[in-house]
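Reading through the structure tokens given below for one structure.
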Amino acid sequence: MSIITTNNLHKIYDETIVPVYAVNGISLEFDKGEFTAIIGPSGCGKTTLLNLIGGLDQPTKGEVIIDGTNITQLKQTEIIDFRLKNIGFVFQAYNLIPVLTAKENIEFIMQLQGIPKKDRDKRVIDLLEAVGLKDRMNNRPSELSGGQQQRVAVARALASKPKFVLADEPTANLDSKSTNNLLDIMLKLNEVEGTTFIFSTHDSRVMQRAHRLISLEDGKVQQDQKIK
Amino acid sequence: MNTILKMAWRNIWRNKRRTILMMLSIFIAVVLSLFTRSMQKGTYANMIANTVKLSTGYIQIHKKGYWDNKSINETFVETTKLRNLLSGDKNLTLTLPRLESFALASSGKHTKGAVIIGTNPKLEDSLNHYSKKIIKGKYFKSNDKAVLVSDKLAEFLQLSVDDTLVLIGQGYHGITAAAKYPIKGIFHFPIPQLDNQLILMPLKESQYFYAAPNRITSISLMLNNPGNEDKTIIMLRGKLGNNYEVMPWQDMNREMVQAIESDNVGGIIMIAILYMVIGFGVFGTVMMMTMERRKEFAIMIAVGMKKTKLLTMVVWETVFIGIVAILAGLLVTYPLLLYLFYHPIPLTGDLASYMIAFGAEPILPFSLEPNIFIIQTISVIIISIIAVLYPLSVLLRFNVLKAMRS
Ligand SMILES: Nc1ncnc2c1ncn2[C@@H]1O[C@H](COP(=O)(O)OP(=O)(O)OP(=O)(O)O)[C@@H](O)[C@H]1O
Ligand SMILES: [Mg+2]
């Protein structure tokens, strides 16, 4: 059973005279528990596709269906709420709220969801342990390394037990050691919690560890291969 | 909600120097305006107190219609009932009955119109300290058959102590009033227009002179708390009924009301300008604070924070800055003003001698009127609201993707 379906998805930017087909007819299905990398050259439409799936962007044509809900038909306020409850996000940078500590950053999403304090505390500690940052939980993002920040971001994305996590080049700013470390953690969470991950990357070492590789070119799916 | 407040509070300290500068500018505006307003209001109150002492008191009771034609025929009898009614009120510190009218004062070839005030020497002195204004002769007593004459009038009539003054006027119901009085003392009255026409007479004697036994034209009232004037007036009007008119000094001394009002408006404009300058500064800084954080806001919204929550956070940031600044301003200024309220700044030089001559203490008094503090607080709140309008409008039109790309 797929949890995400995109049907003939288009995103066209009418830049002056020449239209840009950022996403040009993409139909894909993602199953629960996937660990999928979206790859392709710069400008091929990775970010645009992820934004469409995450409801951050509106398609020009086509639809995105998440667990039976056609999110392209949701209102602006409904979609924020939908994201909060169903989708975890990890961005390339500036993920964390600078004035909150690692622990508070993770807890914040759960607070927005209205999860009671007692449940939050346990979940936050578990997640911090899972990303190996329990001893840094009272530090603010500026006191953490880039890799540590991204690990907190992953923990935060998972905090509310979303249906899936979207990550746009989560390792782009990391060195290889931190990159490996982050991927280890993501894979572990994928195994242990069964979390679905869909992420974009340029990095061949990251691609190697994905279970499914979707490569895009000019807004179209060029190749879609299952590795494991 | 708690976290929103926490974030707002921490956000304002991300750029400590900028926040402190912003707070400091509001703080200075608050301190300056509290200080100047307190001084202005204090000076007005002092001016009013000094002026009403010399003239009408805060409130005057007349027979209905007296004020419009000031005729000796519009007099009334100060009954025991009336006296009891007034002595029962705690806010009245002094009730002074007077019989005031006009007469021609003459001596030899010189004649001049004069204002004759029949009054109670003891009470009058406790209010106006005439006994200290006597420059020749002695102050009078209530059973004297003599008068006190103001300095310039005596000079014009070429009279001195113990000389005889002739008074001719119109008494009650058209009876001719004419008499001769020895001059017991000559006093200097601080208002020049009155110094050349004032004559003081014991109340009893003036009633005899005007053939108006027991009648008076006014009762002047001094108040414990001039701020309670309105209440006292309403109370008196209710009790006295339609045969009397109860007038506040504002109705009897329009010139002073206008002088104070125009000065007050000047003060308000100064402060409004000060606040506008400060307001622009705060507006610009808050705008910068918002622009710098567009990416951050975008990610917060992307991960599921509602715009309304974000708006709340930004509003709180400004509110916190305003609150800290105004609290600091109040905390610093209030004790200072409290001290100055009890220890007004003494004046020296020409201004001081002018004030002494006017019969006022040569001081720069301060006011602790709650309004002064309330208005400054409201002003800062308004500045904060205006300053936060721009970030709010930015956030309302906020485009997450655009912000993330920038
Ligand atoms: N707001 C926009 N207006 C116009 N064109 C846009 C806009 N956003 C993206 N594009 C264009 O759409 C295409 C796809 O962009 P996208 O950001 O999805 O690429 P990407 O695969 O994520 O690239 P990268 O690997 O560099 O991040 C690009 O040609 C880009 O210039
Ligand atoms: Mg991209």
Side-chain angles (χ1 to χ4, degrees), chain A residues 11 13 22 47-48 50-52 54-58 76-101 103-114 117 120 140-142 149 153-154 156-160 162 165-169, chain B residues 1-19 286 288-321 324 391 393-406:
Chain A
K11 181 73 190 181
Y13 293 106
T47 299
T48 309
L50 287 176
N51 287 343
L52 288 171
L56 292 172
D57 204 353
Q58 284 285 315
Q76 198 56 36
T77 45
E78 292 173 326
I79 209 147
I80 293 184
D81 205 45
F82 186 88
R83 279 205 296 267
L84 178 63
K85 291 189 177 122
N86 299 288
I87 312 174
F89 286 92
V90 179
F91 300 97
Q92 187 178 326
Y94 305 109
N95 265 299
L96 304 176
I97 298 169
V99 292
L100 297 182
T101 64
K103 176 174 177 281
E104 288 165 342
N105 257 290
I106 299 169
E107 206 181 346
F108 182 56
I109 294 286
M110 288 191 272
Q111 263 176 303
L112 290 181
Q113 281 198 325
K117 173 112 180 85
R120 291 200 307 251
R140 295 209 191 168
S142 59
Q149 287 181 39
V154 169
R156 185 195 56 191
L158 288 174
S160 53
V165 173
L166 296 176
D168 191 11
E169 307 201 37
Chain B
M1 197 56 206
N2 232 335
T3 314
I4 300 287
L5 288 184
K6 186 162 71 184
M7 282 162 65
W9 178 252
R10 289 181 188 173
N11 273 331
I12 63 174
W13 296 111
R14 275 160 79 172
N15 191 329
K16 278 202 192 70
R17 196 174 356 160
R18 189 165 62 190
T19 300
V286 170
M288 238 158 34
M289 274 173 65
T290 313
M291 296 308 279
E292 284 169 359
R293 292 186 293 166
R294 290 169 60 92
K295 267 213 171 93
E296 199 178 311
F297 290 162
I299 285 178
M300 290 202 225
I301 293 173
V303 300
M305 182 154 165
K306 286 203 181 68
K307 271 188 188 176
T308 49
K309 284 241 160 83
L310 207 55
L311 295 177
T312 316
M313 185 183 84
V314 172
V315 170
W316 271 110
E317 287 169 12
T318 317
V319 168
F320 277 145
I321 289 169
V324 171
S393 79
V394 166
L395 287 179
L396 282 173
R397 294 179 279 112
F398 197 69
N399 183 320
V400 174
L401 288 180
K402 249 196 205 152
M404 277 207 265
R405 267 182 194 282
S406 62

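Here the structure is a predicted model, which means the values were calculated and not measured. Below, read A as the first sequence line, B as the second, and so on, with proteins coming before strands; counting in each chain starts at 1.
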Legend entry - Atom group of A:A157 that falls short of 4.5 Å from chain B, counting heavy atoms: neither
Inset, instruction - Heavy-atom distances under 4.5 Å only: say whether A:L112 touches chain B with side chain, backbone, both or neither. - result: side chain
Inset, instruction - State the CZ-NZ distance between A:F108 and B:K309, to the nearest 0.5 angstrom. - result: 7.5 Å
Legend entry - Considering all heavy atoms, the nearest A:R83-B:A302 contact: NE-O, 2.9 Å
Inset, instruction - Answer with side chain, backbone, both or neither: which region of A:I97 has an atom nearer than 4.5 Å to a non-hydrogen atom of chain B? - result: side chain
Legend entry - Heavy-atom check, side chain of A:L56 versus side chain of B:M404, under 4.5 Å: yes
Inset, instruction - Can you measure from CE (B:M305) to CD1 (A:I80) and round to the nearest 0.5 angstrom? - result: 10.5 Å
Legend entry - Distance (rounded to the nearest 0.5 Å) between A:N95 CG and B:E296 CD: 11.5 Å
Inset, instruction - Would you mind checking which part of A:D57 comes under 4.5 Å of any heavy atom in chain B, side chain (CB onward), backbone (N, CA, C, O), both or neither? - result: both
Inset, instruction - Go through the atoms of B:K306 and report whether side chain, backbone, both or neither lie under 4.5 Å from a heavy atom of chain A. - result: both
Inset, instruction - Report yes if the side chains of B:K6 and A:E104 come closer than 4.5 Å at any heavy-atom pair, otherwise no. - result: yes
Legend entry - Gap separating the CZ atom of A:R140 from the CZ atom of B:R10, nearest 0.5 angstrom: 5.0 Å
Legend entry - Segment of A:I109 engaging chain B (4.5 angstrom heavy-atom cut-off): side chain
Legend entry - Structural part of B:M300 lying under 4.5 Å from a heavy atom of chain A: side chain
